[in-house]
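What you are looking at is a predicted structure, and each value in this text was computed from that prediction instead of being measured.
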Amino acid sequence: MANRADLEQRLATHSSRLSSGELDGDEHKRVRKRLKVKIGEIRKQLAKIDGDEGAQGAKRPHDGNEDSLLAKKLKMTPSLVERDVEKGEKKAVNKKPTRQERKKKTLILNRQLASLAQRKQLKEARKVFNRGKKQGLVDIHSYTNFLNAFVRCGDADGMRALFLEMTQAGLQLNVVSYTTFMKGLCDVGVLEEAVALFSDMRDKHIIPNIRTINTFLRGCVRFGDCNRAKAIFHKLCHVEENPDTNETPESNDWGLAPDVTTLEYIVGLLACSLESDQIYDMLCGFRKHSHAAAKNPALYLSCARASFLLADLKRCSEVLEWAHHVLGKDIEESELPGMEGDVDASELGNPIMITYKHGTNSKPSSGGDAQQSKRLRTVRQFARHRFEELKLERSMLLNGLKLFQESHQSVKEQQRKLLQAIVSNMSRVLYFSPDADNNQSVSENLLQAAKERFGLHLLAHKYKDLNIQQQTRRKLKAIMDTSNNILLGELFTMQDTSVSALPVKLEIGSGNGEWAVAQAKHDEGQANWITMDLRHDRVHNTFLRAVCSNSTNISVMGGDAAMILKDHFPIESLHSVYINHPEPPERTGGTGDSQGSHLLKLEFFVMLKKLLAPNGYLTIVTDNLSYGKSLCGCCAEAGLVSLGVDKCASKNEEIHHAEFKKSTVTLFEGTPGQHCGHNIAASSYFDRLWTEGRKIRRFYIYVGPST
């Protein structure tokens, strides 16, 4: 029989999940039933441990407040657990707990905070933390779990205030606390503050671990900050004693070596900056010394991307051949990853390289924890998926080479045509950096981003006679009016001025651009396309894909979509907007009681309504039914109405209706067709990932401004 502490913790977890609201709705009916059965079984086991007194507690009918039962078992006040005590309810008598009891209470408190942070329930986490703090139960782990709630919800001010409180409270901060705070700062794009944390850790004699380093580098990847990433990587790899002071730099204190993920991040950033020479030298060194990284196909593909965007066809072909030898080997079960802690797909490196925890290839026992086994299956699924995605990326680059090599005979002429496509597409790459200089014009900030984050400076330096940087500067100045609105006609103006008069279509959250680039190629001569994504690495991949397909009617934009649309787009300028598989504030449901930051809120839909032309429309596709219902309500409240209901209903099943005043929005199950703007079938990275995970149901909304 399990011990009391395990049973109490499981009871608290199941009860919290049952009362959180995430399992509301008919689709979760079976899950709720299973949880109630588990709660009943745990009560019976507690009753056997406690004797007759516990048995009486176990036979109490379910009153919806499982946490109160647990609190009574632990001689705690019910308010410490999660819910306020209802008026008139008799409070438990407070007795001074023993040291062992206090430790148990703190343990349960910390697990609850961790669970609430995972579900992005910041309000509840604040209540639980404050009550625990009032009773003197919080420790550094409580603070860190509470800090993680702010981090996961993207509350920058809240995380800063709490971390300041942690430092002033005299707590013994640890590397986990600093790594959690660093993740939060990196997620919101304040990388300068994140860099300062390394100095703060050094002053407090706290040594970062490799996860701390990779957390910072992941933030650099997210926002394309190659310079700061290189500075940290240099400290990690170059350790030299100072002969004048007999002191060693802080990297000597770290005692760390870059792992597979570290190398992928730094090489990926170097590729975005088109520093192919540096990557190529690294790869040659890995291959010469039979380094483990020489088996990582992602590194070769990064070098191939940079070489292609520098029009270096010879090196691109060579490195793609190296990648072929690695990707040609089937991934084996023994090479699939296993990880400790939370699994974040964005943190995973090459599936071939990652091994089981502690660097061994030994597999966990089959009798291990069910949750750990599920996590391992998820990681394995992601590893297989990513392996296949790397093959697709190599195929895309090969097709790009073939496209330009087939059209012309001489290598010089092939290079010239490829350069023309690169420069043309780069002039339509608009990246709105989170750390843009407010003292500079918008066009100058866009030019600075192109130089530092997309390698324009290296491209211009390699082909000095083409005046590429000057061409790009003139283009960026021409597309901005005096109000800093983007002149969409100028953005797409080329030799054929009629192109600028075409309708403009926008995909928000475009990821790596597979879907939008495919639609744009189909719409050449009929419409111009814009892609928009927050993450720099995805924006860069979309730029690469546009060049590989030699697209002439697509502009790639990066940054906060809400800010870009609000500050730089004129009203009624968009023919149609597409949002495919938006990330909900909480993965397991809709908006619910989660405080996770997300883009698709009421005010965002109100803004989209203004930006859409009178005959424009918005199409949203999701695989999350709960989130789809939430989005229906937001669209209706924003004054958007469903379009083409008869045509949609004839092909798909109506799942949900949301009404607000005179607006009615319908959620359909199925896939949108050509009448919704999905002119050709094209999948995306996440669409393929969810399909592999057996998430095959799709729901969509098709709405426009009310007439």
Side-chain angles (χ1 to χ4, degrees), residues 5 9 74-77 79-82 94-118 121-188 190-213 215-216 219 247 250-256 341-342:
Q9 197 281 325
L74 298 175
K75 301 180 181 178
M76 297 165 59
T77 58
S79 62
L80 174 60
V81 184
E82 262 189 11
N94 283 316
K95 294 182 180 179
K96 188 174 181 179
T98 65
R99 182 177 179 180
Q100 190 67 19
E101 288 174 331
R102 182 176 293 276
K103 187 176 179 180
K104 282 184 180 180
K105 295 174 185 178
T106 298
L107 179 63
I108 292 177
L109 171 70
N110 291 343
R111 286 174 174 169
Q112 287 178 326
L113 287 170
S115 177
L116 292 169
Q118 186 67 23
Q121 294 180 352
L122 182 56
K123 290 181 180 178
E124 283 298 316
R126 183 180 280 110
K127 289 179 184 179
V128 172
F129 179 82
N130 288 337
R131 291 164 185 165
K133 185 178 178 182
K134 202 171 184 180
Q135 298 193 14
L137 295 175
V138 298
D139 58 10
I140 183 59
H141 305 296
S142 311
Y143 270 97
T144 301
N145 287 330
F146 188 33
L147 177 65
N148 193 38
F150 285 101
V151 168
R152 287 182 56 76
C153 292
D155 187 339
D157 293 335
M159 71 177 82
R160 287 191 186 101
L162 182 62
F163 193 78
L164 179 62
E165 179 183 332
M166 293 167 68
T167 58
Q168 294 176 344
L171 294 168
Q172 191 69 35
L173 298 180
N174 55 40
V175 66
V176 178
S177 306
Y178 272 95
T179 303
T180 302
F181 188 38
M182 184 170 291
K183 180 180 185 299
L185 295 175
C186 289
D187 284 351
V188 297
V190 284
L191 298 177
E192 187 176 356
E193 289 185 49
V195 170
L197 284 184
F198 285 108
S199 298
D200 195 35
M201 295 175 73
R202 178 194 59 200
D203 295 341
K204 290 182 170 60
H205 306 290
I206 298 174
I207 301 175
N209 56 29
I210 198 62
R211 187 159 190 166
T212 312
I213 305 298
T215 294
F216 176 75
E247 293 179 352
E250 51 190 300
S251 60
N252 212 26
D253 297 332
W254 293 353
L256 299 173
D342 295 334

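K127 and E124 are joined by a salt bridge, as a carboxylate oxygen and a charged side-chain nitrogen come within less than 4.0 angstrom of each other.
Between M182 and L185 there is no side-chain heavy-atom pair separated by less than 4.5 Å. Side-chain contact between L171 and M166 is present, with at least one heavy-atom pair separated by less than 4.5 Å. For the pair R152/L122, no side-chain contact is recorded, criterion being any heavy-atom separation below 4.5 Å from C-beta on.
With a 6.0 Å radius and a threshold of 12 heavy atoms from other residues, nucleotides or ligands, E165 has its CD atom above the threshold.
Taking the ring centroids of Y178 and F163, they lie under the 6.0 Å cut-off.
Contact detail for N145 and A117: the closest heavy-atom pair is O-CB, 3.7 Å. Nearest heavy-atom pair across T179 and T212 is OG1-OG1, 2.7 Å. Taking both residues in full, the closest heavy atoms of L256 and N209 are given as CD1-C, 3.7 Å, listed atom of the first, atom of the second, then distance. In plain terms, the two heavy atoms of D155 and G158 that are nearest each other are OD1-N, 2.8 Å. Among all heavy-atom pairs drawn from C186 and G219, the shortest one is CB-CA, 3.7 Å.
Checked against side-chain hydrogen bond (donor to acceptor under 3.5 Å, both in side chains), D187 has the following partners two or more places apart in sequence or in another chain: K183. Under the salt bridge (charged side-chain N to carboxylate O under 4.0 Å, His left out) criterion, R160 pairs with D157, E193, sequence neighbours left out. The side-chain hydrogen bond (donor to acceptor under 3.5 Å, both in side chains) search around N174 returns S177, not counting sequence neighbours. For D200, the salt bridge (charged side-chain N to carboxylate O under 4.0 Å, His left out) test picks out K204, with sequence neighbours left out. N110 is linked by a side-chain hydrogen bond (donor to acceptor under 3.5 Å, both in side chains) to D139, S142, counting only residues two or more places apart in sequence or in another chain.
The aromatic rings of W254 and F198 are tilted relative to each other, their planes meeting at an angle between 30° and 60°.
A donor-acceptor pair under 3.5 Å is absent between the side-chain atoms of S115 and the main chain of R111, judged by distance alone. Within the 3.5 Å criterion, the main-chain N or O of T144 finds no donor-acceptor partner in the side chain of N148.
If you run side chain to side chain contact (heavy atoms under 4.5 Å, CB included) between F129 and each of V138, L116, L109, L137, only V138 comes through. For the side chain to side chain contact (heavy atoms under 4.5 Å, CB included) with L113, the qualifying choice from I108, V128, L147 is V128, the only one to do so.
Residue pairs that meet the salt bridge (charged side-chain N to carboxylate O under 4.0 Å, His left out) test with at least one member in residues 172-182, sequence neighbours left out, do not exist here.
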Legend entry - L107/H141 under side chain to side chain contact (heavy atoms under 4.5 Å, CB included): CA gap, chis, key distance, verdict: CA-CA 9 Å; L107 179 63; H141 305 296; over 6 Å; no

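Between the OG1 atom in T215 and the CZ atom in R211 there is a gap of 6.5 Å [rounded to 0.5 Å].
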